Enquirer: 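Below is a structure I'd like to ask you about.
Note that ligands are numbered from 1 as they come in the structure, with each ligand's atoms numbered from 1 the same way. When reading the values below, keep in mind they use all heavy atoms of this one structure, side chains included, and skip hydrogens, waters and symmetry mates. These numbers come from a predicted model, not from an experiment.
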Amino acid sequence: VKKLKEYSENIYKCTKCGLCQSVCPIFEETNLEHHVSRGKLTLLNGIINEELTFSKKISKYLDLCTGCRACFDFCPSGVLTEEIITSARYENSMINEINLIKRIIISIFKSKTKMELLNFGIDIYKKTGIIQPVNEISGFMGGVGNIAKVFNLQIIENIKYTRLNPVKTLSKLNLVYFPGCISSYVNKSVKNAVLMVLEKNGFIVNVPEGFVCCGTIARSAGDFNTFIELAEKNISLIPENTDFIITECASCGSGWDFYLEFYEGKHQVKAKKLADKLVNIYEFIDKTNIYIPETSEFKRKVTYHDPCHLSRFQKITQEPRNLLMKIPGLNYIEMKDASKCCGAAGTFCLVNPEISMGITDKKIQNIINTSADTVATACSSCKIGLSFGLISKKVDAAILSPIEILAELYLQEASNRL
Ligand code: SF4
Ligand code: SF4
């Protein structure tokens, strides 16, 4: 993986034009130069030239980036700010400890035992039947009540796994699906939907036992050692004969893309082979003649939010929309600035709640302006951030992955046939 110094030529390319100011969600909130790409690059240049050192203050500035890559898309000089900041966070972590909240989250996500315990706790909580009463009293509990509501919303399993009869002849493709932590341990709805849609369309899907977190949270915090540990485990579980590795969660897909950056020699050849097999479910569906039932409908007003890890990192924007527009009964409304960061950005919302909320509020206003009753998106982190924003503004809108909407149609069709 590239060291900060190795980016020095790319940093020098910054002409200080300031165009990044117009797209950086953080700068839009704070108007502070050291919060935007140009300002951070000036500071990092000082570190490379040994005029500055990684102080606690600079460490804080490095945390003030959602990693949305909007500045890269807009930068006429092609400055790789997100990669540069991530590399700087790694070097900074050897001098100043990674933020405590980030360390706690990483330690939970990297441990299969802790994730299984979380899953066990959530199952018990659901079985007690107190979700509804908690939702009712949360209205009187201010901010704490909102957090409880957001939590409850994340654990509702919209799609229960149901084996459906395939409508097509069985495909010979060997598919591996990587569900990611949230879909495996917090809410299986998206995982169920992906499996049901693929199976209904004649694909046999393998989900190897033992997958761990994709590592995106660790990479983004600059904890490269944890990232590599997780990457190695996941890579080792992919069978040789795999044709495609499918992801739905935007961050997981990017996580697999990042694996390539971290390897050299023969490991890089293997990582490259795997990266070539990586496909997002919406891209896969778009290229497959996917079955859409004509007898069931999803009569809702839906808008779509582009997760940064899907639109800017994996360049997938049209495919989820194409699927939504094929759904019978669905009224699709595009929101303003759909591809703008929602402010959640993994642990960013926990470390910088005020700035994060400011960014989220703008996104929520754009959602309100569409009068949609459903927000579709494909990222576990965005879903948490959007839920918080919608609940805080008392907007009653559901948040679903497009794949859950398609699975819902399949379930409706199956129940009509009973
Ligand atoms: S847009 Fe690019 S070149 Fe211009 S100031 Fe920002 S980082 Fe530098
Ligand atoms: S990656 Fe996003 S948040 Fe970070 S500096 Fe660039 S535009 Fe701002």
Enquirer: Any carboxylate oxygen within less than 4.0 angstrom of a Lys/Arg side-chain nitrogen, looking at Lys315 and Asp73?
Expert: yes

Enquirer: Starting from atom 2 (Fe) of ligand 1, locate the nearest protein heavy atom and write down its residue, its atom name and how far away it is, to 0.1 Å.
Expert: Cys75 SG, 2.3 Å

Enquirer: Assess Cys17: does it contribute an N, O or S atom lying under 2.8 Å from atom 2 (Fe) of ligand 1?
Expert: no

Enquirer: Can you name the one residue among Arg69, Arg219, Arg89 that meets salt bridge (Lys or Arg N to Asp or Glu O under 4.0 Å) with Glu83?
Expert: Arg69

Enquirer: Which one of Cys308, Gly67, Cys71 has a non-hydrogen atom at the shortest distance from atom 7 (S) of ligand 2?
Expert: Cys71

Enquirer: With heavy atoms of Ser37 as the reference, note each atom of ligand 1 found under 4.0 Å away.
Expert: 7 (S)

Enquirer: Residue-level breakdown please: for Ile26 versus ligand 2, do any non-hydrogen atoms fall below 4.0 Å on the side chain, on the backbone, on both, or on neither?
Expert: side chain

Enquirer: Aromatic contact between Phe284 and Phe203, with the criterion being ring centroids under 6.0 Å apart: yes or no?
Expert: yes

Enquirer: Examine all N, O or S atoms of Cys24, backbone included, and report whether one is under 2.8 Å from atom 4 (Fe) of ligand 2.
Expert: no

Enquirer: Distance to 0.1 Å, residue and atom name: give those for the protein heavy atom nearest to atom 8 (Fe) of ligand 1.
Expert: Cys14 SG, 2.4 Å

Enquirer: Around atom 3 (S) of ligand 1, find the nearest protein heavy atom and jot down its residue, atom name and distance.
Expert: Thr15 N, 3.4 Å

Enquirer: Just jot down the ligand 1 atoms closer than 4.0 angstrom to any heavy atom of Arg38, in number order.
Expert: 5 (S)

Enquirer: At what distance is the nearest protein heavy atom to atom 6 (Fe) of ligand 1, and which residue and atom is it?
Expert: Cys20 SG, 2.4 Å

Enquirer: Please report which non-hydrogen protein atom sits nearest to atom 4 (Fe) of ligand 2, along with the residue it belongs to and the distance in Å to one decimal place.
Expert: Cys65 SG, 2.3 Å

Enquirer: Can you sort out which atoms of ligand 1 are near Ser77, meaning under 4.0 Å from one of its heavy atoms?
Expert: 3 (S)

Enquirer: At under 4.0 Å between heavy atoms, which part of Leu41 makes contact with ligand 1: side chain, backbone, both or neither?
Expert: side chain

Enquirer: Closer than 4.0 angstrom, basic N to acidic O: yes or no for Arg300 and Glu408?
Expert: no

Enquirer: What protein heavy atom lies closest to atom 5 (S) of ligand 1? Include the residue and the distance to one decimal.
Expert: Gly18 N, 3.1 Å

Enquirer: With a 4.0 Å cut-off on heavy atoms, is Arg69 touching ligand 2?
Expert: yes

Enquirer: Given the ring of Tyr7, does Lys2 sit roughly above its face, with NZ or CZ under 6.0 Å from the centre of the six-membered ring and within 45° of the axis?
Expert: yes

Enquirer: Is the backbone of Asn280 close enough, under 3.5 Å, to the side chain of Thr247 for a donor and an acceptor to pair up by distance?
Expert: no

Enquirer: Applying side chain to side chain donor-acceptor pair (under 3.5 Å) between Asn322 and each of Glu319, Lys326, Gln318, report the one that passes.
Expert: Gln318

Enquirer: Mind checking whether Gln21 contacts ligand 1 via backbone (N, CA, C, O), side chain (CB onward), both or neither, at a 4.0 Å heavy-atom cut-off?
Expert: neither

Enquirer: Inspect the contact between Lys383 and Glu248 and indicate whether a charged nitrogen and a carboxylate oxygen are less than 4.0 angstrom apart.
Expert: no

Enquirer: Would you call Glu283 and Lys287 a salt bridge, taking side-chain N to carboxylate O under 4.0 Å as the test?
Expert: yes

Enquirer: Would you confirm whether Lys363, through its side chain, and Lys340, through its main-chain N or O, come within 3.5 Å as a donor-acceptor pair?
Expert: yes

